[in-house]
Amino acid sequence: MARPSFTARLVNPPFHDPGLLISFQYQRRAMFFDLGDLHALSPRDLLKISHVFVTHTHMDHFVGFDTLLRVSLGREKELHLFGPAGFFERVEGKLAGYTWNLVDEYPYNLQLRVTEVGEERCRTRRYLCKDRFLRAGNEEETPFTRILVKEPAFRVEAALLDHRIACLGLSLIEEFSVNIDKEALNALGLPVGPWLTTFKKAVAEKKDPDQAFSVVWEEEGKILRERTFRLGELTEKIARISPGRKVTYLTDLLGSPENLENAVDLARDADHLFVEAAFLDRDRETAKTKCHLTAKEAGTLARKAGVKQITLFHFSPRYTELEEEITREAMEAFGKR
Ligand SMILES: [Zn+2]
Ligand SMILES: [Zn+2]
């Protein structure tokens, strides 16, 4: 079984605010899909965040912005935030809500890079803490291609969905994952150890195969040993490369045919789909009015997209005693139990 390079988990239980925490294993780094209430997380978790993708700025998806900003203040850090149309105004409004007269005393500088995702183009603005979060420099503009972030090891894709306002659907797609063949490792006489993290990272980032890679380890607690390989040679011997995982996050969308089709497209073949199941099918009229999915719609779209596993969240508080019924309805439509 391939060990994934990241883990994804909901920040809160399904009746509380939405939010998905994605942690990368080889790096002290994480990302958020949505910024609901973040009090369940430690400052240590929050400080790992490099990228935040906000589906839309209804309060239950954005109230955590202040918590994240509070922890990040006075740190040397660049924080990337993405959101749909109107996002600049919302972020600037948040930043304008506080007094910043002492920030020039901070030794480190926090920088926000905020991207507003539109149908045609993405626009990015920068805000520096030391400048009291006034906008810095010119706005940058790129065409919207679905891909919001692309790094050697993964990419983040978005779809623009309808929640009577624009709402982002999000997928994290790993390019491939790297696993270590323990027998091959033994055959080379190399021990497991922290060097494997560096090694997997180098492979995942497609570093030059001709570059030297040194394996350093301790024997009997003190003798330092070292062996050097070509990265490509070591990769061939001990690394097993498998297709990467895909995680999709869908919440707050109207169950219209067009929206569902776009959502299915985004979630196609995902290993794990996190999907809202706000209402029961018997309340589908309310679901339509409030622009949310029913459990049945969530399960159906997961089946159509061919996803392997689903996790439901964002249940309406009216069903506090009916969690099992929501799950049953969605799983029946999904066709798996
Ligand atoms: Zn909403
Ligand atoms: Zn919501």
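In listed order, ligands and their atoms are each counted from 1. Fair warning: this is a prediction, and the values are worked out from it, not measured in the lab.
Annotation: cation-pi pair Arg125/Phe88 present, NZ/CZ under 6.0 Å from the ring centroid and within 45° of its normal.
Taking the Zn ion (ligand 2) as reference, the nearest N/O/S atom within Asp60 carries the name OD2. Here the N, O or S atom of Asp252 that is nearest to the Zn ion (ligand 1) is OD2. When the Zn ion (ligand 1) is compared with the N/O/S atoms of His58, atom ND1 turns out nearest. Of all N, O or S atoms in His314, the one lying closest to the Zn ion (ligand 2) is NE2.
His163 contributes NE2 and His56 contributes NE2; the angle these two atoms make at the Zn ion (ligand 1) is 100°, rounded to 10°.
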* Using the ring pair (Phe, Tyr, Trp, His ring centres under 6.0 Å) rule, take His16 and His39 through it: C-alpha gap first, then chi angles, then the decisive distance, then the call. => CA-CA 11 Å; His16 296 181; His39 286 99; over 10 Å; no

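Taking 4.0 Å as the cut-off between side-chain N and carboxylate O, Arg123 and Glu141 do not count as a salt-bridged pair. Between Glu157 and Lys246, no side-chain nitrogen of the basic residue sits less than 4.0 Å from a carboxylate oxygen of the acidic one, so the salt-bridge criterion is not met.
Under a 3.5 Å cut-off, the side chain of Arg155 and the backbone N or O of Glu175 do not form any donor-acceptor pair. Between the Tyr319 side chain and the Ile326 main chain, no donor and acceptor come within less than 3.5 Å of each other.
With 2.8 Å as the limit, Asp17 does not count as an N, O or S neighbour of the Zn ion (ligand 2). Here Glu276 fails the criterion, with no N, O or S atom under 2.8 Å of the Zn ion (ligand 2). Counting backbone and side-chain atoms alike, His61 contributes no N/O/S atom closer than 2.8 Å to the Zn ion (ligand 1).
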